[in-house]
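Data block below; observations after.
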Amino acid sequence: MGNLLTATGLKSYYRTVQGEEIKAVDDVSLEVREGEVLGIAGESGCGKSTLASVLSFTVLPPLYILGGEVRADGNNILVMDRETLRREIKGKYISIVPQGAMNSLNPTMRIKNFVIDVLEEHFSEISKEEALQRARERFEALSLPSRVLDAYPHQLSGGMKQRTVTVISTLLNPNVLIADEPTSALDVSSQKIVIKLLVELLRRKIIKSVVFITHELPLLRHFADRIAIMYAGKIVEIGPMEDIIFNPFHPYSRLLTSSVLVPEPGMKQKKIEAIPGVPPNLKNPPSGCRFHPRCPSYMEGLCNIEIPPLIEVKEDHRVSCFLYGGKNG
Amino acid sequence: MVEDRELLRVENLTRIFGSGKSQVRAVDNVSFSIKEGEIVSLLGESGSGKTTTARLILKLLPPTSGKIIFRGKDITYVSSRKELLNYWREVQAIFQDPFSSFNIFYSIRRVLNNALRLVSESISREEREEMIKEVLLSVGLNPAEILDKRPYELSGGQRQRIMLARVLLIRPKLLVADEPTSMIDASSRAGILNLLMELRNAYGMSIIFITHDIGLAYYTSDRLFIMNSGKIVEEGDAEEIINNPKDDYTKKLLEDVPVIHRKWEL
Amino acid sequence: MKDIFILLFRSKRFIVGFVLFLAVLSFAIIGPMLNPKNPFQMVGGLFTPPSDKFILGTDNLGRDVFTQLMYGTRTSLLIGCTAGVIATSIGVTIGSIAGYKGGIVEEILMGITNVFITIPSIVVLILLSIAIKTRSAAVMGLVIGVTSWPWTARAVRAQTASLKTREHIDIARITGFSSIEMIVLEILPYMFSYIFMAFILQFSGGILNEATLSMLGLGPYQTVSLGVMLHWSLLWEAVRTGAWWAFIPPVICLSMTTFSLMSMNSSMDEVFNPRLRRS
């Protein structure tokens, strides 16, 4: 199976009113493989939502792309013009469910009008009836009640709204669906239903892969194939889900996984530990490894000077930490 | 740690919002009690009535019916300023949003000085400054760095620590912690929770967590009260409920929450 | 704070409004200082057209229009400002108490406010102006101020009610703050920009109200304002006789003042409400 998306050396910064730069995504490389769920996990402000915007070409000022490329089908789509992107890529190759999308539905519009808008955007020749028919079939196929189409957003529960937004985003059978914190505002039962829908979309080959962005590691445990851990604008570790959850390498990933609180027998006896310090300000990130000021395994004269490269330490498992090699000389 | 003396008891507490057809029974005939030095959780999803219960206990909202008994005294309809101040000396809170918990126009020094008004009016400035420095150190913050800052210059975790310092200055008997870590990152959450649990060990403070996070409730609490649409549907020892839930709602909740060692069937 | 000024002075609309307002202000304040003439002194003939001697000609009684314009603008600004301060203070006080207290207090205060809104303010203004025997500029400002606060009160009530749900309000309550402390220390500081904008609106509204009243002949005694100038030119048929210099200049002054205030107001709105900001 090939890669659907390959990002190399992505750099994307925000420019503030005062002219400062916030290095939200700094030299990030990753690939999205066919058939997989790639989880991107990190704390707030680590750049994971910015990465979602870059991968889905929804970059708007004050966010700018400063470097790198994103290849899909062999083309670098970062250099494509807006019109081609809109017609050929957005919605068809890559689709995004942005954070909080379910709450940004226009409250005065029925759901079916969104559907018509989305489909007309891409097929100028499609009639309203055809568009609706397509949507109705899709809803029924995924066992969602098609009466949702006649409802206004406020008549739907949170979980239903999120599922509706997800189905609308995948009407054009995009290869890659990027879902940015789609369940963080939902109750646990609705959360599970949304996850089930994503898995169902994959199973029916409506979409070929999912990039799932979240701050909740335990959630990824249940349906991700690979997980990337982000810290301060960089990917510090990426590898198979089981490895990252049970045997992470990077000191940050280790601390993050050990601070997870879940209701499982034995949890109560365990003492969870906080990571000392606070996440860095991305206007002026630490030199060298960005985690070095908080790292328990910090090596003076190395970690604070050189940026550790992301190197393969195990099959398909890459880590950016000098504890596992990567030193020059 | 947990003593056998009852600290707070609520009896048939009910709060109805609206009237007529649009009436909502946010809290419906809720009764429970908490002992001195005990940590409990009111656990429920959004709309379960847990936050309304917290506001009723804090006397930020009057109940429609029912009783609140604190240390044997019925305080349900207490309304004089003096009595309220006495109550708030004993019962304090920290809230969910560590940003909106602060008046952005105040420095951290002023926030903490305000809290000291509740303790006593007659502490000298030097003494106050000393007390403030001491509590900041005990929540793991550097007073010299923090005191003159404004809330927006601090991280969410630091802000929640300052709210804890505020509680430490007042040193109440009962702390109501309304989703204290839901807006804080995992890496700072552990620190806040451990500090909260330390309050019980050091001062015998009782804590009521108001939360939707089952992991948090299980980790911190002696007993759990599971709430659903305004009612308590199950209560008991935390370990017992997690290992052996009885109520259908609790069972469903435990089934849907993502855990690590048992994988969902999808 | 600094950021807000940077943003404000990036807005062309704000700069235009600000510069224009400064110009009007200096014309009205520095003008009479540099040129201390009596605006009531008859210096020329009846409706003399503009000339070297009288830049804007003279009025029906041979008084210098330019001098009148300077003093008149000053009076109008004074009345507008007084009205603005009074209306904003009453509106903020009533609105914030109603919004914070809620319940029966809110019902009563908002009931009064709604009664004030339904009574056409111009009628109240006319009745008050007739009832008051000595109409100085200050009294005019007072009269306009006490009739124009209701909209501010309603807006402030709504803002207070929404601010009240912030958690720092709960924290202050369980710290034992009194209601007055709550309003003054915990709520009003958050509305500072909003109150300032309300003041600017009331300010320009006050100037226009003064012009309306004065034009109807209910203006201040023994002083000249922009409205009084319009009243005179109406009374002595300046329009029919083609003496445009008697009424065009006060109209321009009036529009420039309100335009400058309004454009500052709307650009501030954009800065304070980031949702309206254009990228």
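Below, chain A is the first sequence line, B the second, and so on; all start at residue 1.
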With only heavy atoms counted, which part of [X] is less than 4.5 Å from chain B, the side chain, the backbone, both or neither?
X	result
A:Leu219	both
A:Lys271	both
A:Ile272	both
A:Tyr252	neither
A:Glu216	side chain

Problem - Residue pair A:Ile245 / B:Ile260, side-chain heavy-atom distance below 4.5 Å - result: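 Yes; the side chains approach each other to less than 4.5 Å.
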Problem - Check: A:Leu261 and B:Leu193 side chains under 4.5 Å, non-hydrogen atoms - result: yes
Handout entry: Distance (rounded to the nearest 0.5 Å) between A:Glu264 CD and B:Leu254 CG
Key = 10.5 Å
Practice task
Step through the shown structure and confirm whether more than 12 heavy atoms of other residues, nucleotides or ligands are within 6.0 Å of CG on B:Asp4.
Solution key: no
Practice task
Identify the residues of residues 221-229 of chain A whose heavy atoms come closer than 4.5 Å to a heavy atom of chain B, ordered by number, or report 'none'.
Solution key: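 The stretch touches chain B at A:Arg221, A:His222, A:Phe223.
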Handout entry: Main-chain N/O of B:Tyr218 paired with A:Lys268 side-chain donor or acceptor, under 3.5 Å
Key =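 Yes, because the side chain of A:Lys268 sits within donor-acceptor range (under 3.5 Å) of the backbone of B:Tyr218.
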Practice task
Would you mind checking which part of B:Lys263 comes under 4.5 Å of any heavy atom in chain A, side chain (CB onward), backbone (N, CA, C, O), both or neither?
Solution key: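 Both backbone and side chain.
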